[in-house]
There are 2 protein chains.
Amino acid sequence: MADTSHRPENRYGNRPTMKDVAARAGVGLKTVSRVVNGEPGVTPDTERRVQESIDALGFRRNDSARVLRKGRTASIGLVLEDLADPFYGPLNRAVEEVARAHGALLINGSSAEDPEREQELVLALCARRVDGLIVIPAGDDHRYLEPEIKAGVATVFVDRPAGRIDADVILSDSFGGARSGAAHLIAHGHRRIGFVGDQPRIHTAIERLRGYRTAMADAGLAIHDDWVALGTTAPDRVRDAVAGMLAGPEPVTAILTGNNRVTVTAVRVLAAYHHPVALVGFDDIELADLLEPGVTVIAQDAATLGRTAAERLFQRLDGAADAPSRVVLPTRLIARGSGEIPPSAER
Amino acid sequence: MADTSHRPENRYGNRPTMKDVAARAGVGLKTVSRVVNGEPGVTPDTERRVQESIDALGFRRNDSARVLRKGRTASIGLVLEDLADPFYGPLNRAVEEVARAHGALLINGSSAEDPEREQELVLALCARRVDGLIVIPAGDDHRYLEPEIKAGVATVFVDRPAGRIDADVILSDSFGGARSGAAHLIAHGHRRIGFVGDQPRIHTAIERLRGYRTAMADAGLAIHDDWVALGTTAPDRVRDAVAGMLAGPEPVTAILTGNNRVTVTAVRVLAAYHHPVALVGFDDIELADLLEPGVTVIAQDAATLGRTAAERLFQRLDGAADAPSRVVLPTRLIARGSGEIPPSAER
DNA sequence: CTGAAAGCGCTAACAA
DNA sequence: TTGTTAGCGCTTTCAG
């Protein structure tokens with residue numbers, strides 16, 4: 001145990017404070033503060049002496065104290081569903097880049113699609129006094145955020161709208177995207193089309209289902225009960241859902257999947273199936289173009305979703321006080337083969 | 001503009017403090033603190049009155065102030081290369097889960113493979129007084145961290161070792177993995193094998209190259225200069241590198257790629273090539289099993305990497321003072337077809 | 001069981 | 001140009 005410490009013990013291990021630096025440099029506390037923060041009004045000579053003390057002591061400003069005094073933490077929180085889901089990677093990164101451009105750090109966490117965990121996380125972030133919050137909601141009731149928002153925590157929702165409160169939101173056009181996906185399959189001759197989506201609690205799941213229903217109705221096609229399956233994205237659940245649609249009395253000839261997790265599993269199931277079945281997936285997935293057939297998808301732009309949300313957040317932080325807005329980004333259908341497979345001959 | 005505020009203005013928008021709660025409940029400040037923190041020694045009746053005030057005022061404890069006083073922030077920092085890279089998603093998530101289990105929040109950021117940005121981020125995290133740091137290094141000199149570590153910031157490196165300082169590190173067996181990948185190709189009859197890797201500044205790139213060289217040497221095979229290409233993972237660079245190896249005077253019949261980003265581009269190039277070329281990729285990639293041929297990979301377990309690192313970090317935070325350790329996790333070769341393609345007939 | 005006082009490390013406001 | 005004083009909102013200490 002080396003005994004080099006001649007500095008007073010303090011709670012951060014053994015960190016020098018501005019006071020220590022000031023003492024060593026033989027100047028006042030405020031002078032150190034000025035040097036550390038690059039404020040004007042310090043002789044080059046004094047500055048040099050202070051800087052020397054800083055280096056010698058290994059001083060690093062304690063931002064916790066600074067935050068307490070200044071009232072802004074220069075950090076924002078991002079709550080998403082799953083940090084490991086590739087869909088959220090680009091979104092996360094885009095938010096980070098905007099935050100960085102504004103000198104803010106990013107604190108983030110996964111709700112794991114659990115409303116309670118979402119709330120717990122969000123409130124923990126509020127206790128840390130993040131300046132703003134970007135939330136991909138898991139729950140559908142965000143009234144718990146009202147006092148926070150009233151207290152000045154800027155909040156933007158992405159990917160799904162807030163529940164029961166009025167707030168900024170950035171969405172992809174789930175309804176339109178799903179509708180065009182289903183219409184695409186119909187245009188290629190399909191009449192019996194299945195929809196495998198996410199849990200009905202999730203807004204996008206419902207919207208995509210609605211898009212599918214609308215396209216079917218527009219084409220005058222009835223939907224058999226067995227053709228719609230909402231639920232978790234667990235591979236087993238998806239596997240069963242797809243198998244069910246393929247095996248029933250009115251087997252589908254095409255499937256529309258509700259998100260990237262579902263698509264990946266559906267691709268696996270269909271690859272092993274004895275008959276060609278058409279597939280359109282919501283969300284683009286890596287390597288989709290190289291599969292045989294390529295996977296036709298309705299792509300959303302996750303990075304733009306994140307960037308737009310973060311920019312909106314910083315507008316709010318910079319004082320924008322207009323009414324909450326709702327931005328809906330378009331989706332894009334990318335035909336790669338799987339969505340253009342014609343209905344297979346009757347069994 | 002509603003004028004409901006009869007509370008004193010303070011800097012966080014308009015947030016009530018413990019003092020406000022105390023005043024309203026007609027109790028002392030410390031009593032509020034006790035209730036908020038669930039400390040014993042408060043009459044049920046008093047507690048009820050305080051709780052009522054808390055709810056009415058929408059009070060939320062200011063953790064910044066708490067942190068200043070207590071010295072621990074209950075947050076850890078994670079610096080990785082790119083939040084959008086699917087390889088880091090599971091790692092990130094695993095770290096988050098461990099942090100959560102320990103009641104800590106996760107602050108994270110991307111170094112974008114830029115040593116300066118890494119340092120900037122790390123020091124910003126230190127200024128926030130994160131309790132600990134998990135770093136996937138971009139740079140190769142971490143002496144800038146010495147004062148921080150000495151001051152008590154626990155630090156664990158993952159995926160790549162620290163440069164010029166002694167610290168805990170969790171790695172995958174890059175050397176062994178690459179060696180087995182190359183040996184696998186050799187066992188399948190290849191003699192001219194190329195290696196396309198990441199930038200030579202990156203430790204794993206060098207280790208994997210070394211694994212490749214060792215396997216070749218073990219088999220008594222010479223390596224032509226054109227067969228090794230290190231550089232960025234930009235698709236264009238990889239495309240050119242692969243094309244070069246395929247076109248030279250001594251064209252390769254098989255390729256070993258150095259990470260997931262490189263593999264994805266190599267798969268694209270080879271899919272468009274007129275000749276079958278064998279491929280083994282470092283890192284598993286989603287849907288690799290469904291391509292034709294399936295992509296043979298050397299898989300590392302990113303989640304375990306992250307979990308192990310986080311657990312080590314919390315051991316340190318809980319006082320573990322043993323010498324820095326180095327953990328090397330095994331990799332696993334998954335044969336799916338592309339690595340078992342025999343050398344193609346001479347042109 | 002309860003509360004008053006001191007102080008965490010910093011910055012704002014003012015004085016010298 | 002420099003330093004002093006008074007907090008930021010909380011927890012710790014110690015006295016009622």
Side-chain angles (χ1 to χ4, degrees), chain A residues 7-50 53-54 57-74 126-129 151-152, chain B residues 7-50 53-54 57-74 126-129 151-152:
Chain A
R7 290 183 248 126
E9 280 288 340
N10 62 31
R11 43 195 12 94
Y12 293 100
N14 200 328
R15 293 216 151 218
T17 70
M18 282 192 181
K19 201 169 153 196
D20 299 328
V21 174
R24 189 189 147 113
V27 301
L29 181 56
K30 181 63 198 178
T31 301
V32 176
S33 173
R34 288 200 177 91
V35 172
V36 169
N37 297 302
E39 284 167 28
V42 181
T43 332
D45 184 55
T46 313
E47 169 159 6
R48 213 184 25 66
R49 227 166 59 249
V50 171
S53 276
I54 289 175
L57 260 29
F59 168 81
R60 181 105 42 217
R61 183 182 67 198
N62 184 337
D63 279 356
S64 288
R66 170 170 230 247
V67 153
L68 181 59
R69 194 63 239 240
K70 301 205 75 155
R72 280 227 168 172
T73 56
C126 288
R128 298 298 168 99
R129 296 295 189 268
Chain B
R7 288 183 248 125
E9 281 288 339
N10 61 31
R11 42 195 12 94
Y12 293 99
N14 200 326
R15 293 218 149 215
T17 69
M18 281 192 180
K19 200 171 153 195
D20 300 328
V21 175
R24 191 190 144 114
V27 301
L29 180 57
K30 179 61 201 178
T31 301
V32 176
S33 173
R34 289 203 177 88
V35 172
V36 169
N37 296 303
E39 283 166 28
V42 181
T43 332
D45 184 55
T46 314
E47 169 158 6
R48 213 184 26 65
R49 230 167 55 250
V50 170
S53 276
I54 288 175
L57 259 28
F59 168 81
R60 181 105 43 217
R61 182 182 66 198
N62 184 336
D63 278 356
S64 288
R66 171 170 229 245
V67 153
L68 181 59
R69 194 60 239 241
K70 301 205 74 155
R72 280 230 168 168
T73 56
C126 290
R128 297 299 168 100
R129 296 294 189 269

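A note on names: the letters A, B, ... follow the listed sequences, proteins ahead of strands, and every chain is numbered from 1. Below, all heavy atoms of this structure are taken into account, side chains as well, without hydrogens, waters or symmetry copies.
Under 3.5 Å, the side chain of Arg34(A) and the base of dG3(D) form at least one donor-acceptor pair of N or O atoms. Residue Arg66(A) places no side-chain atom within donor-acceptor reach of the base of dG9(C), judged by atom type and a 3.5 Å distance cut-off alone.
Put simply, CZ on Arg60(B) is 16 Å from C1' on dC10(D), counting in whole angstrom units. As a whole-Å value, the separation of Arg72(A) CZ from dT11(C) P is 17 Å. Atom NZ in Lys19(A) sits roughly 16 Å away from atom P in dT11(C) (whole-Å rounding). The nearest whole Å value for the distance from the CG atom in Leu68(A) to the C1' atom in dC10(C) is 8 Å. Distance, Arg129(A) CZ to dC10(C) C1': 18 Å, rounded to whole Å. Here dA6(D) presents its C1' atom at 8 Å from CZ of Arg69(A), a figure rounded to the nearest Å. Between the CD atom of Glu39(A) and the P atom of dT11(C) there is a distance of 8 Å, given to the nearest Å. Computed from coordinates, the Leu29(A) CG to dA13(C) C1' distance equals 14 Å when rounded to whole Å.
Between Arg129(A) and Val67(A), every side-chain heavy-atom pair lies at or beyond the 4.5 Å cut-off. Two residues are said to be in side-chain contact when any heavy atoms from C-beta on lie closer than 4.5 Å; Arg128(A) and Thr73(A) fail this criterion. Here the side chains of Asp45(B) and Arg48(B) are in contact, with some heavy-atom distance below 4.5 Å.
Counting non-hydrogen atoms of neighbouring residues, nucleotides and ligands closer than 6.0 angstrom, the NZ atom of Lys30(B) exceeds 12 such neighbours.
Using a 4.0 Å heavy-atom cutoff across all strands shown, Asn37(A) reaches sugar-phosphate atoms only and no base atom.
An OP1 or OP2 oxygen of dG9(C) is reached within less than 4.0 angstrom by no side-chain nitrogen or oxygen of Ser64(A). Between Thr31(A) and the phosphate of dG3(D), there is a side-chain N or O to OP1/OP2 separation shorter than 4.0 Å. Taking only side-chain nitrogens and oxygens, Thr43(A) never comes nearer than 4.0 Å to OP1 or OP2 of dT1(D). The side chain of Lys70(A) contributes an N or O atom lying less than 4.0 Å from OP1 or OP2 of dA12(C).
The side chain of Met18(B) lies closest to dT11(D), out of dT2(D), dT11(D), dT2(C). Closest approach to the Asn62(A) side chain among dC1(C), dT11(C), dG9(C) is made by dG9(C) (side chain taken as heavy atoms from C-beta onward). If you check dC10(C), dT4(D), dT12(D) against the side chain of Lys30(A), the one that comes closest is dT4(D).
With hydrogens and angles disregarded, a donor-acceptor distance shorter than 3.5 Å links the side chain of Thr17(A) to the backbone of Lys19(A).
For the pair Val36(A) and Gly28(B), both in contact range of DNA chain C, the more 5′-proximal nearest nucleotide belongs to Gly28(B).
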